[in-house]
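Worksheet: one structure, shown below.
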Amino acid sequence: MALEGGKKGKTGAYATGADVLEDLATEHELPARVLDWRQLSKLKSTYTDALQDHIDPNTGRVHTSYVQTGASTGRLASTDPNLQNIPVRSEEGRRIREAFVADAGKRLVSLDYSQIELRILAHVAGIDALKQAFRDGLDIHAMTASEMFGVPLDEMTSDVRRRAKAINFGVIYGISGFGLARNLRIPRAEAQGFIDRYFERFPGIRAYMDETVEFAKAHGYVQTLFGRRIHTPEIAAKGPRAGFAKRAAINAPIQGTAADIIRRAMIRMPEAIADLPCKMLLQVHDELLFEVEEDAVDAVITVARDVMEGAADPAVHLDVPLTVDAGSGMNWAEAH
DNA sequence: GAAACGGGCCAC
DNA sequence: AAACGTGGCCCGTTTC
Ligand SMILES: Nc1nc2c(ncn2[C@H]2C[C@H](O)[C@@H](COP(=O)(O)OP(=O)(O)OP(=O)(O)O)O2)c(=O)[nH]1
Ligand SMILES: [Mn+2]
Ligand SMILES: [Mn+2]
């Protein structure tokens with residue numbers, strides 16, 4: 001098709017990932033059609049078809065398994081089926097999420113920590129400007145979205161904000177000018193300039209990164225705010241693996257602390273909701289999903305939010321408020 | 001026919 | 001795609 005040869009993977013085959021095809025789409029009409037097919041085929045095979053095979057004949061429901069030791073950071077993992085990666089991004093994907101419905105007379109209620117790892121970073125790294133932003137109720141994801149994509153805050157869409165989320169976490173977890181430029185399809189110097197300004201606006205991030213890597217080198221582990229250790233055996237590696245090990249060590253205390261917090265909330269939840277007509281159904285890293293008698297939706301939100309927002313206490317007193325966004329509806333898409 | 005693996009892609 | 005992190009599942013290919 002007169003297209004240039006591209007980059008190859010470790011086996012020598014041409015890479016054809018979505019980012020490659022999106023670029024090629026400017027030169028030929030086929031790549032966009034392949035992407036469309038890939039998206040639909042992913043949704044059909046992984047969700048529409050596979051989820052039906054997981055319906056339990058005894059309950060008529062789909063039940064997942066949680067692996068407590070699933071992730072090195074202390075996050076849970078969900079398997080058979082994984083219910084922590086139900087589509088939400090695309091319109092077609094949301095139709096799959098809509099298939100998760102409450103029983104008659106009940107509602108699904110979702111509670112999700114706001115900007116959770118940015119808040120933890122503000123505390124852990126002692127970033128005054130970021131702490132103040134959260135005390136002022138600011139939405140950093142939306143602010144980054146506004147700056148990077150030129151969308152006014154009062155016209156922000158969930159899709160644009162979602163893309164900014166990847167930028168914020170990319171930057172705080174060590175993305176390079178090269179990587180950010182590739183993601184955003186902007187010149188490398190421009191991407192590096194954004195990263196530099198980010199570290200100036202929130203001084204303390206760079207120092208946190210350096211100190212965390214040094215700690216890992218000295219001890220062979222890092223730890224969450226609650227003192228749980230995460231081992232970093234690769235931290236002394238040489239060559240390309242060194243960079244991966246450093247970034248993993250930088251991420252682990254933050255992602256791990258978020259995992260500790262929601263786990264504490266889950267442990268307290270049964271007692272807190274004992275007198276309410278509801279069930280805790282799922283955990284999705286920083287989100288809890290409940291099935292609730294419709295009359296009790298507001299009461300459950302009040303109680304569960306309280307537990308979640310206070311889950312770090314009393315073991316740790318955070319310098320930033322934890323905030324939880326709540327929603328409800330007949331299905332998971334509405335509740336989210 | 002199962003297991004391992006890479007590539008790809010869904011989510012947080 | 002070498003160059004944010006954490007996962008699991010599907011598909012095609014390779015290997016046994
Ligand atoms: N390193 C990394 N971490 C991510 C990424 N996406 C999500 N996470 C982590 C950090 C988030 O705080 C956490 C929960 O994801 P959410 O989608 O709920 O985003 P967050 O809580 O930041 O924002 P929001 O709930 O929308 O106010 O998962 C990512 O692209 N990279
Ligand atoms: Mn969240
Ligand atoms: Mn979430």
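Proteins get letters first, then strands, A, B, ... in listed order; numbering begins at 1 in each.
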field: Watson-Crick/G-U partner (both atom distances under 3.5 Å) of C:dA2
entry: none
statement: pair_partner(C:dT14), Watson-Crick or wobble, both distances < 3.5 Å, evaluates to B:dA3
Could you state the atom-to-atom distance from [atom1] of [X] to [atom2] of [N] in whole Å?
{"X": "A:Asn183", "N": "C:dA1", "atom1": "CG", "atom2": "C1'", "result": "11 Å"}
{"X": "A:Phe100", "N": "B:dA11", "atom1": "CZ", "atom2": "P", "result": "13 Å"}
{"X": "A:Tyr14", "N": "C:dT13", "atom1": "OH", "atom2": "P", "result": "18 Å"}
{"X": "A:Tyr47", "N": "C:dC9", "atom1": "OH", "atom2": "C1'", "result": "8 Å"}
{"X": "A:Glu287", "N": "C:dT6", "atom1": "CD", "atom2": "P", "result": "22 Å"}
{"X": "A:Leu83", "N": "C:dG7", "atom1": "CG", "atom2": "P", "result": "18 Å"}
{"X": "A:Lys238", "N": "C:dA3", "atom1": "NZ", "atom2": "P", "result": "21 Å"}
{"X": "A:Lys44", "N": "C:dC9", "atom1": "NZ", "atom2": "C1'", "result": "15 Å"}

Just to be sure I understand the rule, does [X] reach a base, reach only the sugar-phosphate, or reach nothing, if contact means heavy atoms closer than 4.0 Å?
{"X": "A:Asp286", "value": "sugar-phosphate"}
{"X": "A:Pro240", "value": "nothing"}
{"X": "A:Val88", "value": "sugar-phosphate"}
{"X": "A:Ala18", "value": "sugar-phosphate"}
{"X": "A:Ala259", "value": "nothing"}
{"X": "A:Asp80", "value": "sugar-phosphate"}
{"X": "A:Arg75", "value": "base"}
{"X": "A:Gln255", "value": "base"}
{"X": "A:Ser78", "value": "sugar-phosphate"}

query: Side chains of A:Gln39 and A:Arg89: donor-acceptor distance under 3.5 Å anywhere?
result: no
task: Please check if any side-chain donor atom of A:Gln192 sits under 3.5 Å from a side-chain acceptor atom of A:Asp196, or the reverse.
output: yes
- prompt: With nearest nucleotides of DNA chain C determined for A:Val67 and A:Gly243 from heavy-atom distances, which residue corresponds to the more 5′ nucleotide?
  reply: A:Gly243
- prompt: Between A:Thr79 and A:Arg185, who's closer to the 5' end of DNA chain C by nearest nucleotide?
  reply: A:Arg185
- request: Report yes if a donor N or O on one partner sits less than 3.5 Å from an acceptor N or O on the other, where the partners are the side chain of A:Asp23 and the base of C:dA1; otherwise report no.
  value: yes
Looking at [X], does any N or O in its side chain come under 4.0 Å of the phosphate oxygens OP1/OP2 on [N]?
{"X": "A:Arg89", "N": "B:dC10", "answer": "yes"}
{"X": "A:Thr46", "N": "B:dC9", "answer": "no"}
{"X": "A:His336", "N": "B:dC12", "answer": "yes"}
{"X": "A:Ser72", "N": "C:dG7", "answer": "yes"}

field: Pair listing, ring-ring contact (aromatic ring centres under 6.0 Å, His included) test, anchored in residues 75-126 of chain A, at least two apart
entry: A:Phe100-A:Trp332
If you only use heavy atoms from C-beta on, which nucleotide in [options] is closest to the side chain of [X]?
{"X": "A:Lys42", "options": "C:dA1, B:dC12, B:dC9", "result": "B:dC9"}
{"X": "A:Ala71", "options": "B:dC12, C:dG7, C:dA3", "result": "C:dG7"}
{"X": "A:Asn251", "options": "B:dA11, C:dC9, C:dT6", "result": "C:dT6"}
{"X": "A:Ala15", "options": "C:dT6, B:dG8, C:dG7", "result": "B:dG8"}
{"X": "A:Arg38", "options": "C:dC4, B:dC9, B:dA11", "result": "B:dC9"}
{"X": "A:Asn85", "options": "B:dC12, C:dC10, B:dA11", "result": "B:dA11"}

- prompt: Taking the side chain from A:Ser78 and the backbone from A:Tyr66, do they hold a donor-acceptor pair closer than 3.5 Å?
  reply: no
Check: A:Ala258 main-chain N/O paired with A:Arg75 side-chain donor or acceptor under 3.5 Å: no
- prompt: How far does the C1' atom of C:dA3 sit from the matching atom of B:dC5, given to the nearest Å?
  reply: 23 Å
field: C1' atoms of C:dC4 and B:dA3, separation to the nearest Å
entry: 32 Å
query: So, do A:Tyr198 and A:Ile205 sit near enough that their side-chain heavy atoms are less than 4.5 Å apart?
result: yes
message: For the NZ atom on A:Lys106, are there more than 12 heavy atoms of other groups (residues, nucleotides or ligands in this structure) within a distance under 6.0 Å?
response: yes
- prompt: Which of these, A:Glu91, A:Glu98, A:Glu92, sits in a salt bridge (charged side-chain N to carboxylate O under 4.0 Å, His left out) with A:Arg94?
  reply: A:Glu91
